[in-house]
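Just so it is clear: chains get the letters A, B, ... in the order the sequence lines come, proteins before strands, and each one is counted from 1. No hydrogens, no waters, no symmetry mates; every other heavy atom, side chains included, goes into these values. Everything quoted here is computed from the prediction, not taken from an experiment.
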2 protein chains.
Amino acid sequence: MRIGTLAERLRTTPHAIRFYERRGLLPVPQRADNRYRSYTEQDAERLRLLVGLRQLDLPLEQAAALAGMCTAGHCEQVSEELREAISQKREELRRRIDELQFLDRRLAHLAGQLGSGETPQAVITLGKEERDV
Amino acid sequence: MRIGTLAERLRTTPHAIRFYERRGLLPVPQRADNRYRSYTEQDAERLRLLVGLRQLDLPLEQAAALAGMCTAGHCEQVSEELREAISQKREELRRRIDELQFLDRRLAHLAGQLGSGETPQAVITLGKEERDV
DNA sequence: CTTGACATTGGAGCCGCTCTAGGGTTTAGC
DNA sequence: GCTAAACCCTAGAGCGGCTCCAATGTCAAG
């Protein structure tokens with residue numbers, strides 16, 4: 001299978017796949033006579049895992065490492081690491097969501113102030129940063 | 001005032017300030033005899049606005065442009081643009097928060113599946129991507 | 001035989017800093 | 001006067017994770 005076909009199957013792009021290869025995150029595939037990359041079903045399965053793990057927003061290196069281990073038959077260990085990674089990611093998500101919600105409330109507040117005639121200088125104060133130093 | 005003092009007052013770093021200058025987002029400041037940058041209160045006010053607008057997560061270029069306009073006395077116009085930018089940013093935030101919450105639910109679900117003995121391959125499916133093509 | 005879709009490579013670009021290397025300057029204490 | 005810490009300077013690389021570009025090669029359909 002050629003790179004375009006593989007990319008389409010896995011909802012990614014040839015660019016991304018070559019990028020993973022350059023980074024050493026995927027095994028170097030066979031080449032056809034015309035020098036085109038030629039992927040097996042095993043290659044596809046490994047990439048499928050990698051792409052799937054990336055969709056969980058795991059760091060690329062970790063996603064690639066886990067995909068490789070799984071393909072090498074160490075699925076048990078992958079399950080464990082994955083559970084740990086997921087729980088960390090969920091904590092991070094909670095923090096990030098809180099941040100974004102906080103920013104949203106702040107923006108709503110500022111929009112209100114601007115609407116009632118306050119100047120931008122008065123509104124953007126960094127919380128009176130300069131006084132408490 | 002020197003760059004370190006300014007950075008401390010505005011809770012940013014000398015590196016960031018020099019970076020803004022290199023990008024042409026801040027006016028080139030005076031230099032002292034020793035070639036150190038020397039900032040006036042006006043410089044500080046402009047940077048304060050820039051930093052404040054960045055804290056609202058506006059794009060750097062836009063934040064710098066608005067800070068410049070405000071310093072140049074076009075605050076009315078800045079107020080308008082800012083209201084618009086804020087409302088766009090809030091929409092973006094809502095979308096982003098939804099995405100993150102969706103991912104969190106997905107992670108919770110996967111953690112449950114992994115906990116009850118499913119293999120990573122079975123769990124990470126890209127939603128059966130390959131079949132519906 | 002041409003057109004168009006695919007493939008190849010290396011490298012730049014995005015965002016917004018952050019940090020490093022390899023220097024020079026100032027300041028505080030002794 | 002001297003030393004050490006803390007500041008300042010510049011130019012440029014690095015982060016993450018792709019995305020896109022140029023310039024070229026390959027191949028199937030009409």
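- Judged as a side-chain hydrogen bond (donor to acceptor under 3.5 Å, both in side chains), and not counting sequence neighbours, the contacts of B:T40 are B:D43.
- A:A7 meets the side-chain contact (heavy atoms from CB on, under 4.5 Å) test with A:T12, A:P14, A:I17; sequence neighbours excluded.
- More than 12 heavy atoms of other residues, nucleotides or ligands lie within 6.0 Å of CD in B:Q101, so this atom counts as buried by the packing criterion.
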Short heteroatom pairs, N/O only, protein and nucleotides 1-5 of chain C, under 3.5 Å:
none

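- A search for side-chain contact (heavy atoms from CB on, under 4.5 Å) contacts involving B:H109 returns B:Q113, not counting sequence neighbours.
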* For nucleotides 12-25 of chain C, read 5' to 3', which letter fits each nucleotide if B means a protein heavy atom sits under 4.0 Å from the base, S means only the sugar-phosphate is that close, and - means neither? -> ----BB-BB---BB
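- Every residue meeting the salt bridge (Lys or Arg N to Asp or Glu O under 4.0 Å) condition with A:R96, not counting sequence neighbours, appears here in chain and number order: A:E99.
- Residues meeting the side-chain contact (heavy atoms from CB on, under 4.5 Å) test with A:N34, sequence neighbours left out: A:A32, A:Y36.
- For A:R31 and C:dT9, the shortest distance from a side-chain N or O to OP1 or OP2 is below 4.0 Å.
- The residue B:R18 sits close to a base: some heavy atom pair falls under 4.0 Å.
- Annotation: side-chain hydrogen bond (donor to acceptor under 3.5 Å, both in side chains) contacts of B:T5 (sequence neighbours excluded): none.
- Protein chain A contacts DNA chain D from D:dG17 to D:dC27, reading 5' to 3' and using non-hydrogen atoms of the protein with a distance under 4.0 Å.
- Nearer the 5' end of DNA chain D, as judged by each residue's closest nucleotide, is the contact made by B:T5, out of B:T5 and A:R35.
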Atom pairs and distances, side-chain donor-acceptor, residues 68-76 of chain B, under 3.5 Å, sequence neighbours left out:
residue: B:T71; atom: OG1; partner: B:A67; partner atom: O; Å: 2.8

Side-chain donor-acceptor pairs under 3.5 Å in residues 20-30 of chain B, sequence neighbours left out?
residue: B:E21; atom: OE1; partner: B:R37; partner atom: NE; Å: 2.7

Just distance, no hydrogens or angles: give the donor-acceptor pairs under 3.5 Å from side chains in residues 82-93 of chain B, sequence neighbours left out.
residue: B:R83; atom: NH1; partner: A:L114; partner atom: O; Å: 3.1
residue: B:E84; atom: OE2; partner: B:Q88; partner atom: NE2; Å: 3.1
residue: B:K89; atom: NZ; partner: B:D57; partner atom: O; Å: 2.9
residue: B:K89; atom: NZ; partner: B:D57; partner atom: OD2; Å: 3.2
residue: B:K89; atom: NZ; partner: B:E92; partner atom: OE2; Å: 3.3
residue: B:R90; atom: NE; partner: A:D104; partner atom: OD1; Å: 2.8
residue: B:R90; atom: NH2; partner: A:D104; partner atom: OD2; Å: 3.4

